[in-house]
Asker: 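What follows is a single structure, and I will ask about it in a moment.
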Amino acid sequence: MAAEFKTAQPVEYYKQFLKEEVRPDGRELGEIRSTILNVGSISTAHGSALVKLGNTTVVCGIKGEFASPTVEEPKKGYLVPNVDLPPLCSAQFKPGPPSIQAQVTSQLVADTLLSSNLLNYEDLCIKEGNMVWVLYCDMMCLDYDGNIIDACLIALLAALRNVRLPVVTIDEDTGLAELSSTEDRSLNIVNQFAATTFSVFDDSILLVDPTVEEEDLATGLMTVIVTQDGRLCNIHKPGGTPLSTDQIQDCIGRAQTRAKEICSLIDDTLDSIER
Amino acid sequence: MAGLELLSDEGFRLDGRRPSELRKIRLRLGVFDQADGSAYIEQGNTKALATVYGPHEVLGGKGKPLHDKVIINCQYSMATFSTNERKNRPQGDRKSTEMSLHLQRTFEATIQTHLYPRSQIDIFVQILQADGGNYCACVNAATLAIINAGIPMKDYVCACSSGYVNNTPLTDVSYLEESQGGPVVTVAMLPKSEQIALFKMDNRLHVDHLEQVLEVASKGCKDMYAVMNAAVKEHVSRMAKSMECS
């Protein structure tokens, strides 16, 4: 009976639950699904991480390549993030070119990387004006159950901290780069960040970490990205229900707590493996 | 062979296996919630993921519904970070398209297509890490995903590759072994009836040796079947137990 009611009148179905301050999956309104992190499982990548946020699963693999730096910034390497939502992860995505949602998420991740001072890009320099590392960060969703941005950023950060780049020396005579097979180094991550997504239900109720059903029913979505030390990095609110300043302040507060949790989760996971 | 001794004098391979030994297999059914069926398989360092959607109504302008059988749509894709050199395109290049087509043919031969006329089944396979035997891992993962989705098949399809080095056939070749330029035979087989659904060969191999190599590959398929069948049985009994509890 419940299943038919849910299909026929999803909004009413949710309202019945939310009246009791609980969500259909048993969570409280402000509760985040359990987050599971696995690091370094893909050995062909320079760094990798797999995140499960409830049922949402994202894998991030990072591969480094050589590239020429730009003329304006001859010492700086760069990161190229890409979010992929393949048809494999949900029936709502069709085969073909990247969907709008995937492109928007990629762009959001790129903007966040740019504004967050995540790492010192001069670390990626091999030879000034000649050769730098470019890190391709490919995030792929394997199971889509809402809140892809949070999951992608956790995977990205964990994978970046897992990166091991071989030490490169440039042969003076030939000018060719040589990779050391024994020595490698990790990246120096200066500024970590994490995202928290909120969905607005029925123009009034704020839900944290929405599932795919809650995203579909939402009248508005908002993602707040803050750094580990609590500074605001990015807010993404693509239209939808207008929110008051107080509500946004509240969301930022909750995002700050969440960012600390995420960073300590990543620390713990990296500590638990030996590399 | 180019400098590398694929088979030592003592008869061991580069990774320490015997010629007829499969790599370590780890597999799981029902890994994801969104898909109708899903499975994950690790064969050595090759990691593949398969999800199945359907049978559902025919969507998109690509294919017309067939009045007598189901359309099987396969997509093979390799993660950009799955190989040593970064791949620019996860799918859509010639190799992936060929692989998608091979998978489609393999499963058209095995799924009971006549049961779902005017519908479509989508099989998506994703290679997360490639270390040789990609096709085999995909077929095995897709078989498990189809079983997980509850779609009737004539039999399991199990795939295994084999190579031929120093007059010795090798089972389940790794990337290092298959990239040395020796012959590689890939077989997808219905283990009970011993029928071959797909047979593919790269490089030259003398006809006299073919039987021997084929024998080894089909033995590999049967070994694979034993492992997969055990996993399916375990999965089903776990499901039954959890249903009893609730």
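Side chains are part of it too, since the values below use all heavy atoms of this structure and drop only hydrogens, waters and symmetry mates. Note on naming: letters A, B, ... go to the chains in the order of the sequence lines (proteins, then strands), and numbering restarts at 1 for each one.
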Asker: Any side-chain heavy atom of A:I42 within less than 4.5 Å of one from B:F81?
Answerer: yes

Asker: At their closest point, which heavy atom of B:L128 faces which heavy atom of A:M140, and how far apart are they?
Answerer: CD2-CE, 3.8 Å

Asker: Is it true that atom CZ of B:R105 has more than 12 heavy atoms of other residues, nucleotides or ligands lying nearer than 6.0 Å?
Answerer: no

Asker: Give a yes or no on whether the backbone of B:Q129 and the side-chain of A:T44 come within a donor-acceptor separation of less than 3.5 Å.
Answerer: no

Asker: Which atoms of A:D145 are under 4.5 Å from chain B, going by heavy atoms: the side chain, the backbone, both sets, or neither?
Answerer: both

Asker: Got more than 12 heavy atoms from elsewhere within 6.0 Å of CZ, B:R18?
Answerer: no

Asker: Quick check for you: to the nearest 0.5 Å, what is the distance between B:S77 atom OG and A:D84 atom CG?
Answerer: 7.0 Å

Asker: So, B:Y53 side chain and A:S90 main chain: donor-acceptor pair closer than 3.5 Å or not?
Answerer: yes

Asker: Mind checking ring-ring contact (aromatic ring centres under 6.0 Å, His included) for A:F201 and listing every partner two or more places apart, or none if nothing turns up?
Answerer: A:Y14

Asker: Can you tell which of A:S41, A:P86, A:A91, A:G61 has the highest number of heavy-atom pairs within less than 4.5 Å of chain B?
Answerer: A:G61

Asker: Should we say atom NE2 of B:H67 is surrounded by more than 12 heavy atoms from elsewhere, each under 6.0 Å from it?
Answerer: no

Asker: B:Q75 versus chain A, heavy atoms under 4.5 Å apart: side chain, backbone, both or neither?
Answerer: side chain

Asker: With only heavy atoms counted, which part of B:T80 is less than 4.5 Å from chain A, the side chain, the backbone, both or neither?
Answerer: both

Asker: Could you list which of residues 27-48 of chain B have a heavy atom closer than 4.5 Å to any heavy atom of chain A, in residue-number order?
Answerer: B:V31, B:F32, B:D33, B:Q34, B:K47

Asker: Tell me whether the count of non-hydrogen atoms from other residues, nucleotides or ligands lying under 6.0 Å of OH in A:Y121 goes above 12.
Answerer: yes

Asker: At their closest point, which heavy atom of B:T83 faces which heavy atom of A:K63, and how far apart are they?
Answerer: O-NZ, 2.8 Å

Asker: When only heavy atoms count and the cut-off is under 4.5 Å, which of residues 87-103 of chain B reach chain A?
Answerer: none

Asker: Enumerate the residue pairs fulfilling ring pair (Phe, Tyr, Trp, His ring centres under 6.0 Å) with a member in residues 129-153 of chain B, sequence neighbours excluded, ordered by first and then second residue.
Answerer: none

Asker: Is the CD atom of A:Q103 crowded by more than 12 outside heavy atoms at less than 6.0 Å?
Answerer: yes

